[in-house]
Every structure is written in structure tokens, then in C-alpha cells.
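Just follow the structure's listing: the first ligand is 1, and inside any ligand the first atom is 1. No experiment lies behind these values; they were computed from the predicted model shown. Reckoned from all heavy atoms, side chains included, excluding hydrogens, waters and symmetry mates.
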Amino acid sequence: MAKIIDGKAVSAAVKEQVKDEIARERLDIGLAVVIVGDDPASRVYVNNKKKACEFCGIKSYEYALPEDTTEAELLELIDTLNGDAKVNGILVQLPLPKQLDEKTIIEHISPMKDVDAFHESNVGRIMIGNYAFLPCTPAGCMELIRSTGVEVSGKECVVIGRSNIVGKPMAMLLLHENGTVTVCHSKTKNLAEVCSRADILIAAVGRANFVTADMVKEGAVVIDVGINRLENGKLCGDVKFDEVSEKAGYITPVPGGVGPMTIAMLMKNTVMAKRIQSGI
Ligand code: NAD
């Protein structure tokens, strides 16, 4: 039976560290969170980010814009935030309404304030291993793997999913830690066979109960990034938890696994942004 990796506990420890660091050094840090429209899931994420800021001692500035905000209006706000010394990090909650091009918006954020690490220059730095900001969700997964005591170096690592915000940067972080990394996607052949070679398996697909026990190696570390809402309203991951937990060595639950880590890593990145901007 797998050991459950407690994402809430690991994330609480990271946030405690961030809080102590800010208090000890009396850092004055601000995070601007921009939300456009009234998507209920985005609202929950933004509220959780604000709560984490409050806990850590980071000032949060919320900009809630109407659904019909134009690109010019949003770009103007980002210009203002880029130039505002009180604001060390800028986060634009995705997804955005249709009239707003996500790429244009993200590329407009100053790379030094891009605490989500979505800007092309930060993505490029992740590729070459010279990064300031870690992409929050993959970095959270790395913390969870670290918490098991299992070394990545030399291990077979399989990432299912190749999105720019999870799959690809996840593969890079594992590679930088000397894992032997395979990235699977919707066109991968023999997926179950590839996955069952993994000592460390990361599922970032966005399909409920996609990873079944036959795809998992005995004793593997299984990290479930997926957040899927079932018809009964319950949240579930990409991994069929009941059967996979019988076979894996370590497994993250959903909720309470990767989700809380993403916000904790955002707090870390915001402190990093302050340090970069003030040269400390
Ligand atoms: P995405 O839709 O951009 O990417 C999904 C990936 O899965 C694609 O690369 C696709 O090739 C792959 N895929 C789809 N069908 C497949 C199949 N049959 N076989 C193999 N691969 C297949 O999604 P994303 O943004 O990377 O997010 C993935 C999941 O992670 C979603 O459930 C999302 O909600 C969740 N997520 C969670 C957090 C968190 O904080 N916990 C953060 C970001 C995303």
C-alpha cells in the first residue's frame, strides 16, 4: 500500500519558511493578481492566492476587471503594474475571456515580475537550467518528490502531458535533476507500457481516472497533477487512486496533493522577484 504524500503539510511547511524569511528580513513585498470576468474556478484560485499572501506577509493587490475588458485596457493595466515599485509580482489568472490573447498578455508582463514563469524568456531560462522563477506547479511536484526521500537522479521518469505550463517544464526540472525522462502525449503509442517503466510517474492529462494500476510500476512515486470535476461535483485527479495506491510506493491525493503546492511555490517566486528587483 502506497504512502500518501501530504501536499497540504508540505505546502504549509513551504509557506511557513516564506513567512519566516519575510519577517526575519522585514521584506516589503507586493503581488498583483489580475482576474478578468467571473469564472467561479478562477475566483476560488484568486481567493486562495490572496489568503496565502496574507499568511506569508505579502501584500496582495487585486484587480478584478469585467468580462468585456479589451486587450488595450488590460495591457495598459499591466504597463502600470510593470512600472509600480510596490508590485514585485504580477499574476494574470488564466483562462482569459476570448477577446484577450493569452500569449500577448503574458509577453507584456515584465519578465522580472512574471511569478508564474510563463513569459517566453523565463520559459527559455528553464530550458537551459538558469532560472530565477520556477514554474509553480512543476516546482511543487519536485518538492513533493523530494519529500519522499526518493532521489530523481538516474531514475526512469515519465510525464504524461506536454502542455507549456505543466508537462514540458516538469520534464525539464526532472532532467535538470538527472532523471531519464520520457514525455508522453495524446499520440504516444503503447502508453501503458511506457508508463509502467517509470520509477517516477507524473500525470498531467486532465482526464479523470486515466492512469490505472496496469500503467504503474510496483513501488513507483505517482504524482497526480490533474484536477477534474466529476458529475457529482467532486474533484478527482488523473489517477485511479484506489487501485494505483495498492501498487505505488508513494502517491499524491486529489485534492490535497499538488494543488496546495502550486500556491506555495507562487509565494516563493514572489519573494524571489523582490530579491531580483532590489538586488538582495
Ligand atoms: P492541457 O490540456 O494543456 O494538456 C493535457 C496534455 O495531456 C496534453 O499535452 C495532451 O497531449 C495530453 N493528453 C491528452 N490526452 C491524452 C492521452 N489519451 N494520452 C496521453 N496524453 C494525453 O492540460 P494542462 O494545463 O497541462 O493540465 C493538465 C491537468 O492538470 C488538468 O487537469 C489541469 O486542471 C491540472 N492542473 C493542475 C494544477 C494544479 O495546481 N494542481 C495546475 C495546472 C494544471
Side-chain angles (χ1 to χ4, degrees), residues 5-8 10-12 14-15 33 39-49 51-52 91-96 102-103 106 115-118 123 126 133-145 147 157-174 181-198 201-212 214-216 222-230 233-241 251-269:
I5 306 174
D6 184 348
K8 279 191 197 160
V10 180
S11 101
V14 171
K15 284 188 286 187
V33 181
D39 176 54
S42 292
R43 176 38 68 197
V44 171
Y45 293 136
V46 165
N47 287 347
N48 288 340
K49 286 167 189 173
K51 269 193 229 156
L91 183 149
V92 177
Q93 185 64 45
L94 303 179
L96 289 169
E102 285 183 2
K103 190 172 179 308
I106 288 166
V115 284
D116 260 335
F118 290 167
V123 172
I126 293 160
F133 302 125
L134 291 164
C136 298
T137 300
C141 294
M142 294 304 288
E143 284 285 335
L144 293 175
I145 296 167
S147 78
C157 305
V158 173
V159 180
I160 322 175
R162 58 173 163 187
S163 70
N164 289 333
I165 61 168
V166 187
K168 285 184 208 163
M170 186 72 237
M172 281 300 134
L173 297 190
L174 290 164
V181 184
T182 306
V183 181
C184 298
H185 46 79
S186 53
K187 301 284 189 288
T188 298
K189 299 229 166 39
N190 306 324
L191 184 70
E193 189 200 312
V194 177
C195 291
S196 59
R197 293 203 298 261
L201 179 64
I202 316 280
V205 188
R207 286 203 192 181
N209 299 320
F210 182 80
V211 175
T212 45
D214 61 307
M215 298 164 76
V216 175
V222 179
I223 306 288
D224 189 352
V225 185
I227 302 176
N228 308 292
R229 189 149 314 262
L230 299 174
K234 279 194 168 172
L235 283 187
C236 88
D238 289 347
V239 176
K240 206 165 189 181
F241 187 87
I251 190 167
T252 59
V254 178
V258 175
M261 291 307 296
T262 299
I263 294 181
M265 303 320 284
L266 174 70
M267 299 296 107
K268 268 187 112 160
N269 278 352

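- For atom 12 (C) of ligand 1, the candidate residues are G161, G259, G7, C136; the nearest heavy-atom contact is made by G161.
- At a 4.0 Å heavy-atom cut-off, ligand 1 does not touch K187 at all.
- Residue, atom and distance of the protein heavy atom nearest to atom 10 (C) of ligand 1 are S186 N, 4.1 Å.
- The protein heavy-atom contact nearest to atom 27 (O) of ligand 1 is V166 CG2, 4.4 Å.
- At the top of the distance list for atom 20 (C) of ligand 1, counting protein heavy atoms only, stands H185 O, 3.1 Å.
- The shell of residues lying under 4.0 angstrom from ligand 1, judged by heavy atoms, excludes G167.
- In this structure, L91 and Y45 have side chains that are not in contact, with every pair of non-hydrogen atoms separated by 4.5 Å or more.
- A 4.5 Å side-chain heavy-atom check between L96 and L94 finds at least one atom pair inside the cut-off.
- Contacts between T262 and ligand 1, counted as non-hydrogen atom pairs separated by less than 4.0 Å, involve the side chain only.
- Side-chain contact between P138 and M265 is absent, with no heavy-atom pair separated by less than 4.5 Å.
- Residues I227 and L235 have side chains in contact (heavy-atom distance under 4.5 Å, counting atoms from C-beta outward).
- Between atom 1 (P) of ligand 1 and the options C195, A204, S163, the minimum heavy-atom separation is to S163.
- Put simply, the side chain of V216 reaches to within 4.5 Å of the side chain of V222, judged on heavy atoms.
- Listed by number with element, the atoms of ligand 1 under 4.0 angstrom from any heavy atom of T137 are 40 (O), 42 (C).
- At the shortest separation from atom 9 (O) of ligand 1 among protein heavy atoms lies R162 N, 2.8 Å.
- Near V258, meaning under 4.0 Å from any of its heavy atoms, are these atoms of ligand 1: 41 (N).
- Nearest protein neighbour of atom 17 (C) of ligand 1, counting heavy atoms only, is F210 CZ, 3.5 Å.
- Looking only at side-chain heavy atoms (C-beta outward), D238 and V225 stay at 4.5 Å or farther from each other.
- Scanning the protein heavy atoms around atom 14 (C) of ligand 1, the nearest turns out to be V205 CG1, 3.7 Å.
- Checked by distance only, ligand 1 and I227 come closer than 3.5 Å through their nitrogen or oxygen atoms.
- Ligand 1 lies nowhere less than 4.0 angstrom from a heavy atom belonging to T188.
- Taking 4.5 Å as the limit, some side-chain heavy atom of I202 sits within range of a side-chain heavy atom of L174.
- Without hydrogens or angle criteria, N269 side chain to L134 main chain gives a donor-acceptor distance under 3.5 Å.
- Using a 4.5 Å cut-off on side-chain heavy atoms (C-beta onward), K240 and V211 make no contact.
- In terms of protein heavy atoms, atom 31 (C) of ligand 1 is closest to G206 CA, 3.6 Å.
- Between the T188 side chain and the L191 main chain, no donor and acceptor come within less than 3.5 Å of each other.
- Not one N or O on the side chain of N190 forms a donor-acceptor pair closer than 3.5 Å with the backbone of E193.
- Residue V225 touches ligand 1 through backbone and side chain together, judged by heavy-atom distances below 4.0 Å.
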